[in-house]
Amino acid sequence: MERTASPSVRIVPWSDADLELLRRANAPELMDHLGGPESEEQLITRHERYVAMSADRQGAGRMFRIALAGEDDAVGTIGFWERTWQGRKVYETGWAVLPGHQGKGIATSATTAVVEQARAEHKHRYLHAYPSIDNGASNAVCRKAGFTLIGMCEFEYPPGHALLTNNWQLDLAPDAPDAPDAPDAPDAPDAPDTER
């Protein structure tokens, strides 16, 4: 089912046909904050994982292509997936908007739509995003989409590449009593289970 994020942006479940989009999102300027472009073999493995996530509706997450309303061409990728954070299961989100479509609010609109998708799972209380502290655009998306900045943390991602990130958190059930998966105050993170 397609979801409308705003009058101009849709998120569409990932499919077998989206491998070329993943290749386009593997551009050096988009992968700069994530350790650089991946090999073709890594892209194919990730694409297969994305297809499986979208087919398996067990609440473990989902990937989407971002499209403009009324158009078939994809302008980016976005999704959410389970990860362990400080000993508890949460959702993590991440996105990429292709060059030529950046700076138009597309990532913020798509992130707002993904928040609703994650909320509809009724599985985890919190959604996190971990953009590099140097990625001003992605940090701005988190702020505009309603996330709260918890603090900084360091990942090794990909293996061998230290990444200093901001930990942004969004409460998916703000009116609910404290949930058993509520995170503690920021500590050193577990190894990331990122879906990149």
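Quick caveat, the model's predicted, so the values are computed rather than measured. Index from 1, following the sequence.
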If only atom types and distance count, is the side chain of [X] paired as donor or acceptor with the main-chain N or O of [Y] below 3.5 Å?
{"X": "K104", "Y": "G100", "value": "yes"}
{"X": "R125", "Y": "L172", "value": "no"}
{"X": "R65", "Y": "A74", "value": "no"}
{"X": "S39", "Y": "Q42", "value": "yes"}
{"X": "T108", "Y": "A145", "value": "no"}
{"X": "Q102", "Y": "V97", "value": "yes"}
{"X": "S8", "Y": "L68", "value": "no"}

Drop me the distance from [X]'s [atom1] to [Y]'s [atom2], to the nearest 0.5 angstrom.
{"X": "I133", "Y": "T165", "atom1": "CD1", "atom2": "OG1", "value": "8.5 Å"}
{"X": "L22", "Y": "E48", "atom1": "CG", "atom2": "CD", "value": "11.0 Å"}
{"X": "L164", "Y": "Y130", "atom1": "CG", "atom2": "OH", "value": "14.0 Å"}
{"X": "I106", "Y": "L98", "atom1": "CD1", "atom2": "CG", "value": "9.0 Å"}

Task: Short N-O contact, R62 and E121, less than 4.0 angstrom - done: no
TODO: Give a yes or no on whether a salt bridge exists between R10 and E71, defined as a side-chain N under 4.0 angstrom from a carboxylate O.
DONE: no
Task: Under 3.5 Å side-chain donor-acceptor pair for H128 and N167 - done: yes
Task: Derivation and outcome, side-chain hydrogen bond (donor to acceptor under 3.5 Å, both in side chains), residues S132 and N135 - done: CA-CA 5 Å; S132 165; N135 188 337; over 6 Å; no
Task: Parallel, tilted or perpendicular: rings of Y50 and W14 (30°, 60°) - done: perpendicular
Open item on the list: I'd like to check the ring pair (Phe, Tyr, Trp, His ring centres under 6.0 Å) partners of F147; sequence neighbours left out, ordered by chain and number.
Closed with: none
